[in-house]
Structures are given as C-alpha cells and as structure tokens.
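The structure appears right after this line, and notes come after that.
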Amino acid sequence: MIELERDALTFSFPEVHPQATLRIEFQRTLRIPDDDRTYPLPPGLGAFPMRHVDDHAANVPSKWLQRGGVMLPMYQSEAMWLNFSASTIQDRGESYPFAIKVATGKQCAVSGEAWRDDLRRKPQNYMIAPQQPWLDGYVVEKGLIRQFVAMPLGAGYSAEEQITGKAEHGGLQLAVYPMKRDIFERRFPKVSEVKRSRGSAFLEGDDAGIHCCLSAEFDMALAPGGRMRQEIFDDPFELDDWNLDAGGRCFVHLCNSMVWQSITGTVPPHPAPTAKSYTAAGLPWFDYYDDSGTAVEGTSVLGNLKSITQMSSEKGDVALPENETVTPGNLVVYRKGLKQGQVRESVF
Amino acid sequence: MGCVVYSTRMSDFGDYLRKVREQRRAGDAKFSVRQLAARVGVEPSYLSKVERGQQAPPSEKTIAALASELGEDPDVLLALAGKVSGDLQAIIRRRPKLFADLIRQFKDLPDHAVLRLVREVRDGDW
C-alpha cells in the first residue's frame, strides 16, 4: 500500500508485518558544481511538495494519468536527493529491511539497466534500507555518484536520453520490496533473545497531437550533474530473502516548476540557493561513513554518462548557470547510526 | 492499532505537553521549559502557565512548532488544544456539505474500517 502523507511516499506492507513501513521523501537541495572536483553531501532544504496526478486530471497530460502516481515541481537545473526512513519494529529494536529500486526515465540509477519489475544481484539494481539512508544521484563508480539534476525532457541531457536515445518517460520510478517476515524474524530475534551486541545484527544477518506538445513543456527528466562522494551498499542478505510478491511501485512525475502553479493553483518552492552563496554563508556540508558495508562497484553504462556541463560544452551551450567551483569548509560528519527519520538539514 | 479518543479539556493540552516535554528532558536538557520556549518563540513563563492549564493553548503556529520540536503529531496536539488545523478547515470550507456528511457518517466507525478508506497512490501502466 502506498500513501502520500505530508509530502512523502509511505510504502507499508501490513500483509507482511503490521509495522513494516518505509517512508521516502524527496529533498530539495543545492546543485553542487559540475566540474572536475568531487564534493561532499549537500544539505536538505525541505521536502518538495507532492500531489496525486489524479487530483489534477483536467490539467495534466493524459500520459501522466495513464501512468498514475504522484507529481512534484522542479526548476530546470534544480537538484534533489531521496531520503529513506524505515520503521523500527518495537520488539526487535531493529528497522524492518527493504529493497528499494530507483530509476529515472525507466533506467536504473544504480545499475543503468532498463526498468524491470524484479531485483537482480549482478549487477545489483537496488539499495537496501535502513543501511542506505539516502540517494543523491547516479552510481557512476564505486563510492561516487553524479547528482540528480532536472533538465527538460527532450533536451538530450537526461540519463534516459543518453542511454536509450529516446525522450519517452522522464520522471522517476520507484519500487519497494519488504524482507520476507520469517526471514526477518530469524535474522533479527526479539531483543530479549539477542545475545550479541545490537550493532552486529545487521552484518549477520492520446490524443497525441496536443498532449505530446503539452507533455514536452510539462515533463522534467533527471540528468547527471556534479560528482559526489556517496557509497551505495551491497546487499548483505540473500536475494531470496526479499518478498517480491509484496512489492509496491510508483511513478513520480517531475513537473516543470514554471507550470506547477497553473496545474495545482499553488506556488512552487523558491529556487534553492547556489552552492557558492550557501558555502560563503558558512553553512554545513555533510559526509557519511558506514564501515560495516561494502559499496557496489557501479556499471559502465552509468560510468559512461556525460555530465550536463560536459554535454553542454560540446553543444557550445551553457546549461548550468552559476556553476563556479566551491570549497566546502564547514563539514559535518555522520557515522553509521542515524536516528530514525534523520535528515541532513540546514537552515538557510 | 488501538482506538485513541482525544478529549479537549483546557488542562489536557497542558498535561500532555508537560508529560512529553519531561520525557524528552530526561534524556536531553534542551527540553527544559526555558530552552523549548526559546526555540518556539514564546516566553518561558507563558509556556509554563500553558503546561499548568492556567493559560489557554497557544496559536496553531506555536502548537505546530511545539509538535515539530517534540516529535509529536501536530494534528493530535491541535486536537488536544480543541483546535482544527487551518488546512483541514480550508478543506471542509471548500466542500462543506460533502465533508460534514462524511465525518458524521464515519464518527463511530472503528479505526480499522477507517484505515480501509485510506487513499492509496494509484499505479497505472508504464
């Protein structure tokens, strides 16, 4: 069951476990410079507003209604990251494990392969919560991602267009699978039964014409921006531990912020500050370390993607304004062990 | 899920607020009356009086700030204060007959039956 609650998607699986719930929030953030440097994690500047596409059926392209799901507004060249928060199971003192698939334009952001309704181990096409607290972009190599940055669908920059040569889907696609309950209960015994330390538990364990035109104006797609340090962790469980029969999936349409108000009657958030002004104000950047897991390697499909700046210089264009290199000074380091629902956030 | 019914006596809000704040304070000194009041933008003496039921509950904005600081649900705190959030009022005002009928019909429905009415995100073809 997927619900939209306070601008976040809540995936719950009462048929598997009454407390098995994963919350996914889409965080606004500043765009890191797309240059030859590697940056730490930028802050969360609050959640994007989200709406059911069905609530605005008269104003959205028919294709969006056909796909169902939700929508959120993004400005061109705006960045985002996804925050994952798994519920804690009371009698176990552990978060329920979930496998999470994230794709943009129906191309997997972890493996680069085309969307498929299952999980695959080699290359791994999913992440696991709670070990993976967030995802900021495309996994281009081990320990490195390229930030999710919005560009108009059809402009040629998106990962989808670079990989498939087509501007067909745009948006962002999610699927979530819970761990099978018997496996969870075996791997994570009740707290009173635990003899080892809690910290080690995880390791062991169409009206074609007009709507096509409209859609092109409405649809944003995600493209690879600047480089960032971020590990995507290898699944320490067995592939068969995941309950593929109980999964839920959702299409998240990325609506151009310039038309959001005409669709919903509400004003989109202000554009995020630039990396330069944020850094100059002495506000924090973040790093996250979890020594208990190993990172996936990344695939050549995503490793070969060109960043927006690389593509735009080839075109003789300037796609990313205010792209000056910055040197983050105020760095906050998180070790494994975030509180439930913790978001790296800053006041601006 | 158990059915929780919230009453709205003036002191209920204060009692609940003090209980939750004291629980948080046991683990973190930043939940003292003085520090919490500073973070939500009110005088400590005012917050203290609210907790003791000597002052009416604060504005919706302050209650939302208290809920955020204390990790509580803002709608629950508002209900204890005898208030309904502005966004819910706006929803009802837009279609008053429809929502008034709906709420009256569902007022005695058990929690599990109400939960069956929860709106899911619709998945389509893609």
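Below, read A as the first sequence line, B as the second, and so on, with proteins coming before strands; counting in each chain starts at 1.
Closest non-hydrogen pair, A:Ala86 versus A:Pro130, comes out as CB-CB, 4.4 Å.
A:His169 pairs by the ring pair (Phe, Tyr, Trp, His ring centres under 6.0 Å) definition with nothing, not counting sequence neighbours. B:Ser59 is linked by a side-chain hydrogen bond (donor to acceptor under 3.5 Å, both in side chains) to B:Thr62, counting only residues two or more places apart in sequence or in another chain.
Using modelled atom types, one side-chain atom of A:Lys101 and one backbone atom of A:Arg116 make a donor-acceptor pair closer than 3.5 Å. Judged purely by atom type and a 3.5 angstrom limit, A:Arg28 uses its side chain to pair as donor or acceptor with the backbone of A:Leu45. Of the possible polar contacts, none joining the A:Gln107 side chain to the A:Ala159 backbone as a donor-acceptor pair under 3.5 Å is found.
At a cut-off of 3.5 Å, with distance as the only test, no side-chain donor of A:Thr10 or A:Ser12 sits close to an acceptor on the other residue.
For residues 84-100 of chain B, an interface with chain A (any heavy-atom pair closer than 4.5 Å) does not exist. Residues of residues 243-251 of chain A that come within less than 4.5 angstrom of chain B, heavy atom to heavy atom, are A:Arg249, A:Cys250, A:Phe251 in numerical order.
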>> Determine whether A:Tyr138 and A:Phe148 satisfy the following criterion, ring-ring contact (aromatic ring centres under 6.0 Å, His included), listing intermediate values before the conclusion.
In response: CA-CA 7 Å; A:Tyr138 301 97; A:Phe148 289 137; 5.0 Å; yes
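Stacking of A:Arg181 on the aromatic ring of A:Tyr96 is not recorded, the 6.0 Å distance cut-off and the 45° axial limit not both being met.
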